[in-house]
Amino acid sequence: MFLDALAERYRNQPDKVAIQFSDDPPVSYGGLADTVNRTGNYLISLGIAPGDRVAAQLPKCLPFIYLHLAAAQIGAIFLPLNPAYPKAELRYFLADSGARLLFADRQKQAEIGAIQSELPALEALVFINPADSWESRVARHSGERRHPLPADSDQTAMLLYTSGTTSRPKGAQITHGNLTANITALHEAWGWRADDVLLHALPIFHVHGLVVALHGALHAGAAAVMLPAFDAATVLGLLCSRRFTVFMGVPTMHRRLYQQAGDQRYDLSGMRLLTSGSDRLPDDLFFGYQQTFNVTLLERYGMTETGMNLSNPLHGERRVGSVGLPLPGVSARIVDPKTETPLPAGEVGELQIKGAHVFKGYWGQPEKTAEAFTPDGWLRTGDMGAREPDGYYTLKGRAKDLIITGGLNVYPPEVELALMEHPAVAACAVIGCPDEEWGEQVVAVIIPKADAVTNEAEICAFCREQLAAYKAPRRVLFVDEFPANALGKVQKSKLREALCG
Ligand code: MLC
């Protein structure tokens, strides 16, 4: 189990630095073990039992990490939430998961304080100042862990919400076994070492920043230096400092670093591992990085429901435009999207995945879980791709209606649902238009009601009240009609062709 490996690090190298947040004093593995243990006892003192959901909507901070590891350790289910979610979204996640406890930023007390009365399962809302000492909050909860490590690898450790093409967001249940399988595979494939130093600039409420990056470092007994947010100038300066061996980012971050460098050349070849994921890495950035930074980015492919699936190799060819080879323990295949029969190399079909890292199912949604898998247990990723004859995989678009912006998934139906609440909107379609910095940009195409008066700014502001800012349209276009197929369904590909200029 991923916790067992961590427990071993706690024992074997108690004085080694595990996590350092900006200018705060570093946290050693021994210190981490102690605070996580106290935090577990603290959660138990608040009435949390195995299987209970513990939510946290906090900025990137140490208490978030303590809560995550402590919840896992006492067999509770951790629910990490993006601080960008407005109250309406927060309420949905808490209601759907039936969270008993929410830890939130004290700055949001006025905004979300009243939420508890609307959520019968939510027994307590704990507002904290992330900068205050967490250690003093849990100081009196010392003593042996009152609960054993969860023994069952099928037990859910986290709920990670992902949206759906046809429904409201669904909570993907990530089990202890999933986390172990993932981290063991990445450890082997990427050669994590105890003397690695990770520069961590990702958010920690997603699989990328939390599992791939942070668990990766902790599993190896390495050090993670955590930046509260991504800033290209700061990150470039740190990468050049030669203190770090590992950095992970989404293409938007790499684009900004590349642009930050301008005409200058920097030699980052001393770094052991620089990865890119959460969205496709554009070819020009792959080559631009080689020229500017003298390194080849390692592109890998994953998703919330699985963690990591495919990766270019640490040693060997990192192929431009390819997401690489299946990780150890991962089975991948390309199938005909209609018949779901495997296709030969070179042919484009849906990418399907199997392995111990694949999630257990959506929280409380057995029918959605059943839809996600083939009868013989392959996960339908909704991504189209092809396998090259030598085993490398290349992605070729999506079967599902999904926009990826800055490494974050936005499901058009969710935005369309929000838009339809606006009194001036008669019909709408949300599409992703290509964008150099963000990969894609969310664009709303609207047929207004007759005589309705509205404009782009008002529509955008309306969406931001209901949805996190990254999901809100960046552009709004007004049209008289949509291109539709024979069944009357909006043809988004035609809209994209016509409107993404
Ligand atoms: C921020 N904004 C975004 C955005 N992030 N808009 C669209 N898409 C995004 N991803 C908005 C802000 O709200 C702000 O709006 C405006 O853009 C400019 O903000 P910024 O300060 O320039 O953005 P910044 O905070 O620097 O964020 C950019 C970023 C961030 C790239 C650093 O988006 C990020 O950390 N992305 C990584 C996401 C990630 O971890 N994905 C992994 C998912 S797991 P305004 O108008 O209010 O000013 C997964 C599986 C896998 O996918 O395989 O990894």
Side-chain angles (χ1 to χ4, degrees), residues 1-14 18-19 21 27-58 60-81 94 97-104 121-130 132-160 173-180 183 204-205 210-211 214-215 217-219 221 224 226:
M1 303 256 230
F2 88 101
L3 287 175
D4 293 339
L6 198 49
E8 201 179 305
R9 310 286 170 252
Y10 295 156
R11 278 194 302 275
N12 296 349
Q13 45 176 52
I19 299 173
F21 254 92
V27 177
S28 66
Y29 275 89
L32 182 63
D34 185 50
T35 310
V36 168
N37 192 44
R38 287 171 196 259
T39 305
N41 290 339
Y42 166 63
L43 289 175
I44 292 166
S45 77
L46 293 174
I48 294 299
D52 284 346
R53 277 75 68 209
V54 176
Q57 189 188 37
L58 293 169
K60 191 171 174 180
C61 62
L62 271 171
F64 183 98
I65 298 171
Y66 293 140
L67 283 166
H68 160 53
L69 295 175
Q73 209 168 69
I74 64 168
I77 299 175
F78 187 62
L79 172 61
L81 294 166
L94 295 172
S97 64
R100 281 185 79 178
L101 199 54
L102 168 68
F103 288 86
L122 188 65
E123 282 168 22
L125 225 164
V126 184
F127 288 103
I128 67 162
N129 177 356
D132 286 352
S133 161
W134 181 263
E135 285 75 5
S136 49
R137 177 179 288 265
V138 297
R140 64 190 177 81
H141 297 280
S142 61
E144 279 305 296
R145 197 186 307 113
R146 283 176 244 167
H147 268 278
L149 287 177
D152 182 1
S153 65
D154 200 37
Q155 191 170 343
T156 302
M158 288 199 288
L159 276 188
L160 296 179
Q173 297 188 65
I174 313 298
T175 67
H176 285 259
N178 295 154
L179 292 173
T180 306
I183 219 61
I204 47 175
F205 44 81
L210 189 60
V211 178
L214 185 60
H215 286 190
L218 296 180
H219 183 86
M226 314 290 285

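Side chains included, hydrogens not; waters and symmetry mates left out as well; all remaining heavy atoms used.
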Can you list the residues that meet the side-chain hydrogen bond (donor to acceptor under 3.5 Å, both in side chains) rule with Arg100, with sequence neighbours excluded? Asp52, Glu123

Taking C-beta and beyond as the side chain, do Ile65 and Phe21 meet within less than 4.5 Å on heavy atoms? yes

Spell out, as yes or no, whether a donor-acceptor pair under 3.5 Å connects the side chain of Gln13 to the backbone of Gly221. yes

For Arg140, check side chain to side chain contact (heavy atoms under 4.5 Å, CB included) against everything at least two apart and list the hits. none

Once side chain to side chain contact (heavy atoms under 4.5 Å, CB included) is applied, do any residues pair with Pro63, and if so which ones, sequence neighbours excluded? Cys61, Ile128, Trp134

What residues form a side-chain hydrogen bond (donor to acceptor under 3.5 Å, both in side chains) with Asn12, not counting sequence neighbours? none

Do Leu67 and Leu43 have side chains that get closer than 4.5 Å, going by heavy atoms? yes

With sequence neighbours left out, the residues meeting ring pair (Phe, Tyr, Trp, His ring centres under 6.0 Å) with Phe78 are Phe64, His68

Does Asp154 have any side chain to side chain contact (heavy atoms under 4.5 Å, CB included) partners at least two apart in sequence or in another chain, and if so, which? Asp152, Thr175, Lys360

Does the side chain of Thr35 reach to within under 4.5 Å of the side chain of Leu62, using non-hydrogen atoms? no

Applying side-chain hydrogen bond (donor to acceptor under 3.5 Å, both in side chains) to Glu135 and not counting sequence neighbours gives Tyr66

For residues 63-80, which residue pairs pass the salt bridge (Lys or Arg N to Asp or Glu O under 4.0 Å) check, not counting sequence neighbours? none

Listed by chain and number, what are the side chain to side chain contact (heavy atoms under 4.5 Å, CB included) partners of Ala157, not counting sequence neighbours? His176, Leu179

